[in-house]
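The chains referred to below are lettered A, B, ... by the order of the sequence lines, with proteins before strands, and numbering in each begins at 1.
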Number of protein chains: 2
Amino acid sequence: MAARLKDVAALAGVSVRTVSNVVSNTATVAPATRARVMAAVEELGYRPNLAARNLRQGRTGLVGVAVPEIHSPYFGALAGHLIDAAQQRGWTVLLERTGGRPELERRLLDGSQGHQVDGMIISPWSTSPAELASLAGGLPLVVLGELEPHGSIDHVALDNVAAARAAARHLTAAGRRRIAAVGLQSGLGHGTAELRAEGFRQGLAEAGLSPVAEVEVTDLHRAEGARAMRELLATAGRPDAVFCFSDELALGALRAAAEQGVHVPRELSLMGFDDIEDGRFCTPSLSTVAPDREQIAERAVQCLAERVLGRLDTLPGRRIVVPHRLLVRESTGGAATPV
Amino acid sequence: MAARLKDVAALAGVSVRTVSNVVSNTATVAPATRARVMAAVEELGYRPNLAARNLRQGRTGLVGVAVPEIHSPYFGALAGHLIDAAQQRGWTVLLERTGGRPELERRLLDGSQGHQVDGMIISPWSTSPAELASLAGGLPLVVLGELEPHGSIDHVALDNVAAARAAARHLTAAGRRRIAAVGLQSGLGHGTAELRAEGFRQGLAEAGLSPVAEVEVTDLHRAEGARAMRELLATAGRPDAVFCFSDELALGALRAAAEQGVHVPRELSLMGFDDIEDGRFCTPSLSTVAPDREQIAERAVQCLAERVLGRLDTLPGRRIVVPHRLLVRESTGGAATPV
DNA sequence: CGCCCATATTGCAACGTTGCAATCAACGTG
DNA sequence: CACGTTGATTGCAACGTTGCAATATGGGCG
């Protein structure tokens, strides 16, 4: 059915090896020969058999990207950028969802789940860096969203503490005094929430304030944000500003506020985190912290490439900090941005 | 480095072939032998080399899923379901984005882009069914979102005409008379928009009405919806209801309406299409047509499985219609649904 | 006790590719 | 004119797995 090197060789009147040299550019081939081979390739519609090539070379050309979920706006956008960055380097991305479940994260890393990959980019939820390192074995690994490097694993992340501090500062600078946070997650090895909480508290402390409430959530989705906001609005000492650790939480909170007739931003200032597209188009538009997703993706793939190609097993894990921006929109009293 | 069948065989004191029989369940193996082999597998941490297996069997275990974009809420959610459905059948999904670009759709299908796959599920944007068939060659193919089967390609889609008709009926039944549509796309082989427009017109006609406007868009994103709505609100004969062909368009339209101080649903009734999560949490919540995404994914993978495993090259293309539901929410005067 | 059958295990070859090293032709140089 | 050198091409083997067919083992039956 499908043409093989052998078939092309027969048609072009050269050896199999020469055809291989032409299609993979591995040796000098006389122009005339190359032309003849190319013509045969064209005529037969030859495509290299990747299974065979991979078997021979020991590399698959696949890189795994494991995120908690792909249908969430944040991870969906990030995954898109990762795919772009990988494609530029000739890799194909195998997108995996962990759903935040520890056993899935583990199975992906130890290779018992899914296909063989040359390396992996993971945004862990419930697995600690130390555990990641041991599970991955020799597999080149880049971790997103954690700050403590461990072993020979590279980390790419924001400075979550500074970012949350900036958000808190923005709220205090606008004169808010009764400020709450939504998005803490207890009992999770996942450090992001704690880092944001830490930065949040620092930012308030600078203005001589402390949080009026810190609401824990079980996930970062809208429904949890709505629940948290209802909880906050039901308490006696209602907050005048709320910082949600994700835009999705904030959108849920916004909805709950609207249901209770609480005007945002007049009565309540609201901030998110992530800069997802919905936040630009909802009413009021959502102030947020915007990570440079494109750069996260680019740097992550770059790190992975260096490890896969350079065999840097011994190089200690690097920590790469990607910049973020504070976006002030209507939900904290900013101007309507043209959409 | 990695353990091979040979290593396991040596450790267990059996032949390579027997180990293969154990790990792939291909022949009867004595319980005692099986146990010994399993122990050796465990001890060495053996994992089958998929490249070798694929080379030998001629199948890759990969199935391609090509969607215009993965970071859009609709396709993101659909992709998630497709991954689930494929995983249940032991397949790994290779997610590809076409970005709606014809040349990318083509390259994916003719195999010159990306990895080798056993089959492909594609949600085409700019390539016609006939073209798809010829490009795919012998590659088993399932097409999402088109209704005209062609060649030996299966199609899985909604009844877009009926769905749009139901949406239009809902608006006329609520007493709206000046109804516009947003989301037509001229010059695109893509049939979905035309089908929805057709259903929309039918629904209005049943009430003796015709559209007051039909606004074309260049894509289905929020920004285009906002632009279209501004355009509609600027005209003399302002509509009292708007049907957007996607929820994203509707969310942009909602934003634009809010900016212009037009109250939804009092002054303007608004409907979307797709049932993305944002529509449940925005204010007002968005009435929409909800395709059964899970079933779309399940049926698509099922069709593909039958073709890949059964070699049904000759079976003519099937047309599978998946049900949809009309969800009435606040944007057309429905009650606030608890979130 | 010998034969046959079912069950369990094995050896060989092949899937399509590329690394390695050898071969071959042609050319410029001493 | 012989020689070394470069450039072009080639044959062989191997990557790790499984299909095929053959062989060993044990048990039931005549």
Looking at B/T18, does any N or O in its side chain come under 4.0 Å of the phosphate oxygens OP1/OP2 on C/dT10? yes
Please compare B/N21 and B/R56 by the position of their nearest nucleotide in DNA chain C and report the one closer to 5'. B/N21
Candidate list A/L94, A/T60, A/L139, test side chain to side chain contact (heavy atoms under 4.5 Å, CB included), partner A/Q116, passing option: A/T60
Checking side-chain polar atoms at under 3.5 Å, does B/R53 have a donor or acceptor matched by the opposite partner on B/N49? no
Taken to the nearest 0.5 Å, the spacing of A/N54 CG from B/L50 CG works out to 10.5 Å
So which one's nearest nucleotide on DNA chain D is more toward 5', B/L50 or A/R34? A/R34
Please tell me if the side chains of B/Y46 and B/V23 come closer than 4.5 Å, counting only heavy atoms from C-beta onward. yes
Chain A vs DNA chain D, heavy-atom contacts under 4.0 Å, first-to-last nucleotide span, 5' to 3', is D/dA8 to D/dG16
Below 4.5 Å, heavy atoms only, C-beta onward: do A/M38 and A/V22 meet side chain to side chain? yes
Salt-bridged, A/R97 to B/D84, with N to O below 4.0 Å? yes
Length of the line joining A/R17:CZ and C/dC24:P, which is rounded to integer Å: 18 Å
On DNA chain C, more 5' by nearest nucleotide between A/S20 and B/Q57 is B/Q57
For a quick check of understanding: with a heavy-atom distance under 4.0 Å over all strands, which category does A/N54 fall into, base, sugar-phosphate or nothing? nothing
